[in-house]
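What follows is a single structure, written as structure tokens, with notes after it.
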Amino acid sequence: MPKKTIGDQELALLQYLDDAGPSTVGEVAAAFGETRGLARSTVLTMMERLRAKAYLRRSQAGGGAYRYAPTTGQDEVVRSAVGSFVEKTLQGSVSPFVAWMSERKEVSDDELAELEALVANLQSKRKER
């Protein structure tokens with residue numbers, strides 16, 4: 001069953017936790033929330049929503065506090081967010097996204113090589129059918 005979609009702020013929170021490691025709500029509120037003007041209660045609500053959507057898990061940290069950690073890696077979360085964007089916003093067509101990529105002023109050699117590898121992978125899958 002696919003996970004529920006997440007918003008930009010939730011994605012940023014997941015990316016923060018992926019970098020910071022398991023953290024309490026207080027730690028996240030101080031390091032992540034304060035820089036964005038988010039109250040501790042807002043951070044708690046976001047973390048619990050992400051837990052309900054199965055993006056976070058929590059474990060007892062002691063003293064009544066919990067430590068929250070991502071259930072999946074950042075790459076999988078971003079892939080899911082991009083997939084949701086393509087399906088909902090672009091009605092399943094990647095053409096507008098590819099057109100946007102082609103208009104970017106700077107595409108690094110690494111990004112171009114990655115795109116070429118993805119196209120080659122798609123072509124080989126197509127030949128297998």
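Values below: all heavy atoms of this structure, side chains included; hydrogens, waters and symmetry mates excluded.
- Between E116 atom CD and E114 atom CD the span is 11.0 Å, to the nearest 0.5 Å.
- Heavy-atom minimum distance, T72 versus V77: OG1-CG2, 3.4 Å.
- L122 is not connected to F97 by any chain of hydrophobic side-chain contacts under 4.5 Å among Ile, Leu, Val, Met, Phe, Trp and Tyr, and they are in different clusters.
- Taken together through direct or relayed side-chain contacts under 4.5 Å among Ile, Leu, Val, Met, Phe, Trp and Tyr, L11 and F85 form part of one hydrophobic cluster.
- Note that the CG atom of L56 and the CG atom of L17 stand 6.0 Å from one another [nearest 0.5 Å].
- Contact annotation: the side chain of V28 never approaches that of M46 to less than 4.5 Å [non-hydrogen atoms, C-beta and beyond].
- Listed for the T71 side chain is a donor-acceptor partner under 3.5 Å among the backbone atoms of A54.
- We find that E128 and K125 are not joined by a salt bridge, their nearest charged nitrogen and carboxylate oxygen being 4.0 Å or further apart.
- With hydrogens and angles disregarded, no donor-acceptor distance shorter than 3.5 Å links the side chain of R58 to the backbone of A69.
- Checked by atom type and distance alone, the side chain of S102 pairs as donor or acceptor with a backbone atom of A99 at under 3.5 Å.
- Of all the heavy atoms in D18 and P70, the pair that sits closest is N-CG, 3.9 Å.
- Nearest heavy-atom pair across A65 and T24 is CB-CG2, 4.4 Å.
- Cluster annotation: V107 and V82 are assigned to distinct hydrophobic clusters (Ile/Leu/Val/Met/Phe/Trp/Tyr, side-chain heavy-atom contacts under 4.5 Å, transitive).
- Contact detail for R67 and A61: the closest heavy-atom pair is CG-CB, 3.4 Å.
- Environment of CG in D109: sparse, with no more than 12 heavy atoms of neighbouring residues, nucleotides or ligands closer than 6.0 Å.
- Rounding to the nearest 0.5 Å places OG1 of T42 at 11.5 Å from CG of L13.
- A 6.0 Å sphere centred on CZ of R126 holds no more than 12 heavy atoms belonging to other residues, nucleotides or ligands.
- Contact between E106 and E111 at its shortest, heavy atoms only, is O-OE1, 4.2 Å.
- Note that CE of M47 is 10.0 Å distant from CZ of F32, once rounded to the nearest 0.5 Å.
- Cluster membership check: M101 shares its hydrophobic cluster with V86, using side-chain heavy-atom separations under 4.5 Å among Ile, Leu, Val, Met, Phe, Trp and Tyr.
- A donor-acceptor contact shorter than 3.5 Å links the side chain of S23 to the backbone of G21.
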> Would E76 and R79 satisfy salt bridge (charged side-chain N to carboxylate O under 4.0 Å, His left out), going step by step from the backbone distance to the final call?
Replying inline: CA-CA 5 Å; E76 185 179 329; R79 248 190 317 275; 5.6 Å; no
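- Note that the CD atom of E10 and the OH atom of Y55 stand 8.5 Å from one another [nearest 0.5 Å].
- Crowding of N121 atom CG: a count of heavy atoms from other residues, nucleotides or ligands under 6.0 Å exceeding 12.
- A side-chain N or O of E48 and one of Y68 form a donor-acceptor pair less than 3.5 Å apart.
- Nearest heavy-atom pair, E27 versus P22, reported as atom, atom and distance to 0.1 Å: OE1-O, 4.3 Å.
- Here the OG1-CG distance, from T45 to L50, works out to 11.0 Å after rounding to the nearest 0.5 Å.
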